[in-house]
Amino acid sequence: MRTGPIPDDVDDDDDVPRKEKVVTTTGGLPEPPPILLDELIAEVLLRIPARSLVRLRNSVCSSWRTLISSSQFAKDHLRRSMAVDPALTHPLMAYYSQAYIYPTIGVFSVRSVMENPPHEPTKVVPYEGRCYRLIIGSCNGLLCLHDEEHEDRLMGHRAMLWNPCTGFTSQPLEIGGLFSICGFGYDHVNDKYKLFAVVDKKSGESVTKMFTFGPKTTWRTIQDFPHDLRDPNPRGHMVHLEGLFLSGTGTLNWLLHGYLSFVWVLSLDLVRETYCQFSLPSKDSDDDHEVEPKLGILRDCLAVCYATKKTHWTIWLMKDYGVPQSWTKLAIIPHHPLLVRHPSYIALWPIYMLGNVLLALAPNGKFCLCNLNDGSIDFPNIDSSSDGMPRHRPLTQNSYLRGFHLYHESIVSPYHFGLPSCSSEMRLIKPKPIIT
């Protein structure tokens, strides 16, 4: 009887029946198969941040490229990053010049701004396009850009979608008029990205349009916007013409300020394409009503900041969207000598929260970090020297005459919903080598 392992050179007519060899590890357990199942690969990749997925898509193998480039994988990754693991998508700030015609857009990491020590600057990454572009809004990692590159400047406004993480842009969409009030967002019920715009025609009339991005981008006229910018006796004025998109609600939101005791939000539901309005927290009688409040999004809730009694700012969160009774006071931030500007007609803009630290833009134009636990104020070090906007002062000094939009990285690209796309419209500007 054989007591050892079956030798490899046993003759075919040996009485001992052949068995397939079982490769075991030192622990005696079978080794896993050398090739992972496709489902397991997909599950692992869904746990990788968007920026790393872009590198893997271009460097590993064709099957991974196909998987990561698919629209379903992009949706699954976005859904996971929003509901399960926010660390998969980094918050970033994109900005453009509102004063000079620079064809560049600067981007910097919000997490770096909030986590880097003061001596370690957060560098701005510049992107250059073929023409000057403004940012209308952001949603699911996509920025909606607006330009006027057309022979007829009066009728040449166009819109284009761009994902800075993947580099892909859509072909420009001809609007057929001039923008005034506008907004960009996602209809989560019908899985559609939409652009809302009040378009001024050559004839002088205004048309309220909803553009739906797709293989054949369509537009339709909807109910007129409830606020007319040309009204000689308005109830109030719009603090910003671009609507703020609130994910999870499918709404665009505008803040209207009446210079009196009333302030309210005008909301557009992108699913039903209908409007509504609701009030903000009541102001005190001795509040400074000339100071514009600021609208933002904190902890996935609508947020508003008031200037209170000329001594501090009060930040409120709307815990239940659309329900005025759900406004909850989040923080009171005293006027710091290095934050205020006299005279000041705008409040602190709340941008993003990490733990109990708030990133905000102060009335004097400086970014600041407000610790809501101990009340301390810090100023982040942002290096904007390479942003391609040389006539602007550095961001560490002030942010005047620039438009800022917060967005979260994703791998959603325009071609996922049928738009012709390219990767050459916006290009990363690489730093020039230093010659010694």
Testing the basics here: between [X] and [Y], what is the closest heavy-atom pair and its distance to 0.1 Å?
X	Y	answer
Thr104	Asp387	OG1-O, 3.2 Å
Gln98	Tyr132	CA-OH, 4.0 Å
Pro394	Ser384	CA-OG, 3.6 Å
Thr217	Leu419	OG1-CD2, 3.4 Å
Phe278	Pro324	CB-CG, 4.1 Å

What pairs meet the salt bridge (Lys or Arg N to Asp or Glu O under 4.0 Å) rule with one or both residues in [range], with sequence neighbours excluded?
range	answer
residues 408-422	Arg51-Glu409
residues 106-124	Arg111-Glu115, Lys123-Asp383
residues 175-190	Asp187-Lys194
residues 349-359	none

- All ring pair (Phe, Tyr, Trp, His ring centres under 6.0 Å) counterparts of His392, not counting sequence neighbours: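 Per chain and number, His392 pairs via ring pair (Phe, Tyr, Trp, His ring centres under 6.0 Å) with Tyr100.
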Just jot down the side chain to side chain donor-acceptor pair (under 3.5 Å) partners of [X], sequence neighbours excluded, or say none.
X	answer
Glu39	none
Arg80	none
Gln223	none
Asp269	Arg272

Any side-chain heavy-atom pair of [X] and [Y] under 4.5 Å:
X	Y	value
Leu268	Met210	yes
Tyr306	Trp316	yes
Leu338	Lys366	no
Phe404	Ile135	no
Phe213	Leu195	yes
His77	Leu53	yes
Cys305	Pro350	yes
Tyr352	Met114	yes

- Message: Using the rule given for side-chain contact (heavy atoms from CB on, under 4.5 Å), can you reason through Ile68 versus Leu45, listing the C-alpha separation, both sets of side-chain angles and the distance that settles it, and then say yes or no?
- Response: CA-CA 8 Å; Ile68 296 172; Leu45 293 178; 4.2 Å; yes
- Kindly determine whether Met389 and Ser97 satisfy side-chain contact (heavy atoms from CB on, under 4.5 Å), including the steps that lead there. CA-CA 7 Å; Met389 307 177 195; Ser97 173; 4.1 Å; yes
Could you tell me whether the side chain of [X] and the main chain of [Y] form a donor-acceptor pair under 3.5 Å?
X	Y	value
Ser399	Leu395	no
His146	Leu134	no
Ser112	Ser109	no
Thr328	Ser326	yes
Trp219	Ile175	no
Asp320	Val323	no

Are [X] and [Y] close enough that their ring centers fall under 6.0 Å?
X	Y	answer
Tyr95	His405	no
His90	His408	no
Phe168	Tyr415	yes

- Under the side-chain contact (heavy atoms from CB on, under 4.5 Å) criterion, do Tyr96 and Leu145 qualify, and how do the steps go? CA-CA 10 Å; Tyr96 64 96; Leu145 308 181; over 6 Å; no
- Query: Are there more than 12 heavy atoms of other residues, nucleotides or ligands under 6.0 Å from atom CG of Asn356?
  - Reply: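 Counting neighbours around CG of Asn356, more than 12 heavy atoms of other residues, nucleotides or ligands fall under 6.0 Å, so yes.
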- Query: Are side-chain N/O atoms of Ser410 and Asn140 paired as donor and acceptor at under 3.5 Å?
  - Reply: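 Note: Ser410 and Asn140 side chains miss the donor-acceptor criterion.
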- Using distance alone, with no hydrogens and no angle criterion, decide if Ser267 and Tyr321 have a side-chain donor and acceptor under 3.5 Å apart. yes
Out of curiosity, [X] [atom1] to [Y] [atom2], how far, rounded to the nearest 0.5 Å?
X	Y	atom1	atom2	result
Leu255	Leu266	CG	CG	10.0 Å
Met93	Phe108	CE	CZ	5.0 Å
Leu358	Cys370	CG	SG	5.0 Å
Asp200	Glu205	CG	CD	10.0 Å
Thr212	Asn190	OG1	CG	9.0 Å
Leu241	His227	CG	NE2	9.0 Å

- Item | Asp147 with Arg130: basic N within carboxylate O range, under 4.0 Å |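 Salt bridge absent between Asp147 and Arg130.
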- Task: Please determine if Arg133 and Glu425 form a salt bridge, counting it only when a charged side-chain N lies under 4.0 Å from a carboxylate O.
- Result: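 Salt bridge present between Arg133 and Glu425.
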- Query: What residues form a salt bridge (charged side-chain N to carboxylate O under 4.0 Å, His left out) with Lys192, not counting sequence neighbours?
  - Reply: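 For Lys192 there are no salt bridge (charged side-chain N to carboxylate O under 4.0 Å, His left out) partners, ignoring immediate neighbours.
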- Query: Which residue pairs pass the side chain to side chain donor-acceptor pair (under 3.5 Å) test when at least one of the two sits in residues 161-172, sequence neighbours left out?
  - Reply: Thr166-Ser413
- Query: Would Leu406 and Leu92 count as a side-chain contact (heavy atoms from CB on, under 4.5 Å) if you check the C-alpha gap in whole Å, the side-chain angles of each, and the deciding distance to 0.1 Å?
  - Reply: CA-CA 6 Å; Leu406 182 76; Leu92 298 167; over 6 Å; no
- Item | Sequence neighbours excluded, every pair satisfying ring pair (Phe, Tyr, Trp, His ring centres under 6.0 Å) that has a member inside residues 180-200 |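 Every pair satisfying ring pair (Phe, Tyr, Trp, His ring centres under 6.0 Å) with a residue in residues 180-200: Tyr186-Tyr193, Tyr193-Phe417, Phe196-Phe225, Phe196-Trp254.
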